[in-house]
Each structure stands twice: as C-alpha cells, then as structure tokens.
Amino acid sequence: MTTVNERLAWRYATKKYDASKVVPDDKLERIIEAVRLTPTSSGLQPFELIVISNAEIRAKIRAVAWDQAQITDCSHLLVFAAWDDITADRVNMMFDLTNEIRGFRNEGWENYRQKLLGIVAGRGTEANYQAAARQAYIGLGSALIAAAFEEVDATPIEGFDPEAVDEILGLNAKGLRSVLLMPLGYRAAEGDWLVNLQKVRRSRENFVTEIK
Ligand SMILES: Cc1cc2nc3c(=O)[nH]c(=O)nc-3n(C[C@H](O)[C@H](O)[C@H](O)COP(=O)(O)O)c2cc1C
C-alpha cells in the first residue's frame, strides 16, 4: 500500500505541465472536496475556491502572475480567495448554518458567537482579511495532499499580483480577495527542470524539537 508520505515525496511544485492532459472530473471533485472539508478557525470557512478551466481567463491571469506557464498549461486552475473582511453577517451566517445543520441551539455555542462577534468587530477589516487568508493556506495544504493522493500534479503559487487577479475575476464585488493560485494537471514528459532534482528539506534533527 502506498503511504501518504510516499505520495508527498512523489509530488513537487510542477514547473511544466502537459497541456494536452485533463484531470478527470472524479479526481478534480475529490480534490475540491478535500478543500471543502478543511478545518478552519471557529469553523468559519472564510475563503472560497474558484475553479478555472477557461483558457482566456487563464491567459489573463498568467500575464499578472510572473508569466508562469503552469497557469495556462495546466488542466484546471484553482484560485483560493479569502473573505475581504470577517463581518458580523458572515459570522452569523456560519453560526446559523451550524444550528440549522445540527438542529439545535446551544447556549455555549451562542456565547461563543457573541465572543467572536466582539473579536472581529474590534480587530478591523485588514486583520480580519489576514486571518481569513491564513485559513486559505490551510485549504492549500489540503489540496496539495489530496492532489498527491490522486496522483495529480499541482503547483502552489504566490507569485502573482493579487489586485490584478481580483480585477480579472471580479472578486471585489463578491467581497473576496485572491490569496493563492494552484494549477492542477499532469507533468510534461520533458522540459521540467525540477522534476528530476532531489527534494530539499531540512533534516529531522534540524526541524523537530522533542520535549519529553
Ligand atoms: C505558498 C507557496 C507559494 C509558492 N509560490 C510559487 C510560485 O509562485 N511559483 C512556483 O513555481 N512555485 C511556488 N511555490 C513552490 C515552492 O517553491 C516549493 O513548494 C518548495 O520549493 C518545495 O519544493 P517542492 O514543492 O517541489 O517539494 C510555492 C510554494 C508555496 C507553499
């Protein structure tokens, strides 16, 4: 049986995709579902996923993303877009959804709602956005692991102009800001300078401190 870590050793930040290969719908859906199942602080899920197969839109995004060819050569481009603010309406939406799905109201939960409403009101828009963006990174981690599990190649991408991507996708009108891009697809048989290079990670000794 293949372990998760074997798959993580197999994956790499793919630099060249085979533009003729398409990720099948079932694999794509499982990767998306892994992002949807990602845990987030207070369960707010303060980000959304945009899945782009449209070639013209991807060409526009590539132009504001350091001309990275993965964006146009991949099969699907994921855009992780965080809430531009954590408003009272958004907090209440998730707390109400919890009550609706679970079918009951709980005093402890309602007290926590009030506490959280106070925190987000006091923190301000930019800090709330930053908090939301951190949750999007957790989603990115889930997507990377899920893609590796599905033997789909992926590239996490921070190298882009977020405001330009927001403009291309009309994200401001939706109260969202782009945080991360992630091409999904299949590595090209030739022409990827990274594919055969050894993975570089600090040793366990230089990475883990055990306190017993
Ligand atoms: C948040 C984040 C942003 C990244 N941005 C880019 C990027 O813009 N372009 C790129 O080619 N690789 C990007 N990378 C890939 C990293 O350079 C790569 O994951 C790291 O060097 C480890 O190598 P590996 O993923 O091949 O194991 C990014 C990775 C992460 C996690």
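Model, not experiment: these values are computed from the prediction. All ligand and atom numbering here is 1-based and tracks the order in the structure.
Ser20 pairs by the side chain to side chain donor-acceptor pair (under 3.5 Å) definition with Asp18, not counting sequence neighbours. For Ala69, the side-chain contact (heavy atoms from CB on, under 4.5 Å) partners are Arg62, Asp73, not counting sequence neighbours.
Between Tyr12 and ligand 1, not a single N/O pair is under 3.5 Å apart. At a 3.5 angstrom cut-off on N or O pairs, Pro156 counts as close to ligand 1. The N/O atoms of Leu140, backbone and side chain alike, include none that comes under 3.5 Å of an N/O atom in ligand 1. Between Trp66 and ligand 1, not a single N/O pair is under 3.5 Å apart.
Near Gly159, meaning under 4.0 Å from any of its heavy atoms, are these atoms of ligand 1: 8 (O). For ligand 1, the atoms lying closer than 4.0 Å to a non-hydrogen atom of Gln70 are 11 (O). Atom numbering of ligand 1 starts at 1 in the shown order; those under 4.0 Å from a heavy atom of Tyr137 are 1 (C). Ligand-side atoms of ligand 1 in range of Lys15: 10 (C), 11 (O), 12 (N), range being under 4.0 angstrom from any heavy atom.
Listed here is the closest heavy atom pair of Phe47 and Ala82: CB-CA, 3.8 Å.
A cation-pi arrangement is present between Arg177 and Tyr129, with the terminal nitrogen or guanidinium carbon under 6.0 Å from the aromatic centre and inside a 45° cone about the axis.
For the residues Lys199, Gln68, Arg11, the heavy atom positioned nearest atom 9 (N) of ligand 1 is part of Gln68. In this structure, of Ala69, Ala65, Ala154, Ala13, the residue bringing a heavy atom nearest to atom 18 (C) of ligand 1 is Ala13.
Between Leu184 and Met182 the shortest side-chain heavy-atom distance falls below 4.5 Å. Between Leu171 and Ser178, some side-chain heavy-atom pair lies under the 4.5 Å cut-off.
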